[in-house]
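Everything on this sheet refers to the single structure shown next.
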Amino acid sequence: MDDHHDFGDFLQARRALITPQSAGLRGGGRRRVPGLRREELAQLAGISVEYYQRLEQGRAKHPSDEVLDALAEVLRLDRVEREHLHRLARPGPAERTVPPAGPSRTVRWRPVRSWCGCWSMCGSRRWC
């Protein structure tokens, strides 16, 4: 199974865990599947129903951080689940990680001589 189907499966599974009442919506009558309807989730996340359907079906391949964060908020994902959502949405070496909630470590700066002979300053958390 490819990564975009995994992303859609994750969204669908998490959507099934959120009840309309817990999301602040009315029950809305009889439901064929548990949890929020696609329309309800899209409305709460501030995106169109068509775009959410494309995400869930794996046809929209590059959701923005804002869309992913809005979905994570509506789905009530914790930090680990948010990171997983971002990894599923953007598989590969350029995956996004959610920054730690606490204070960041100090970045140490080191002088580096570039190829042109000029001095530059480069910093990285890994040099700490």
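Computation of the quantities below employed the complete heavy-atom set of this structure, encompassing side-chain atoms and omitting hydrogens, waters and symmetry-equivalent molecules. Note that the structure is predicted; figures quoted are calculated from it, not measured.
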Residue set satisfying side chain to side chain contact (heavy atoms under 4.5 Å, CB included) with Ala45, at least two apart, ordered chain then number -> Ile47, Ala70, Leu71, Val74
Arg37 CZ to Arg32 CZ distance, which is reported to the nearest 0.5 Å:
9.0 Å
Leu85 side chain reached by Leu75 side chain, heavy atoms, under 4.5 Å
no
My understanding is that only residues two or more places apart in sequence, or in another chain, count here; which of them pass ring-ring contact (aromatic ring centres under 6.0 Å, His included) with Phe10?
His84
Mind checking side chain to side chain donor-acceptor pair (under 3.5 Å) for Glu81 and listing every partner two or more places apart, or none if nothing turns up?
Arg14
Side chain to side chain donor-acceptor pair (under 3.5 Å) against Thr19, all qualifying residues, sequence neighbours excluded
Ser22
Quick one: salt bridge (charged side-chain N to carboxylate O under 4.0 Å, His left out) partners of Glu39, sequence neighbours excluded?
none
Please check this pair: side chain of Arg15 against backbone of Leu36, looking for a donor-acceptor N/O pair closer than 3.5 Å.
yes
In plain terms, say whether Asp6 and Arg87 are close enough for a salt bridge, that is, a side-chain N and a carboxylate O under 4.0 Å apart.
no
Name all residues meeting the side chain to side chain donor-acceptor pair (under 3.5 Å) criterion together with Glu73; count only those two or more places apart in sequence or in a different chain, and write none if there are none.
Arg82
Is the backbone of Glu50 close enough, under 3.5 Å, to the side chain of Arg38 for a donor and an acceptor to pair up by distance?
no
Heavy-atom closest pair, residues Ala89 and Pro63:
CB-CG, 3.9 Å
Non-hydrogen atoms of Ser64 and Tyr51 that approach each other most closely
N-OH, 4.5 Å
Glu40 vs Ile18 side-chain heavy atoms within contact, under 4.5 Å
no
Determine whether His86 and Asp69 make a side-chain contact, defined as any pair of heavy atoms from C-beta on separated by less than 4.5 Å.
yes
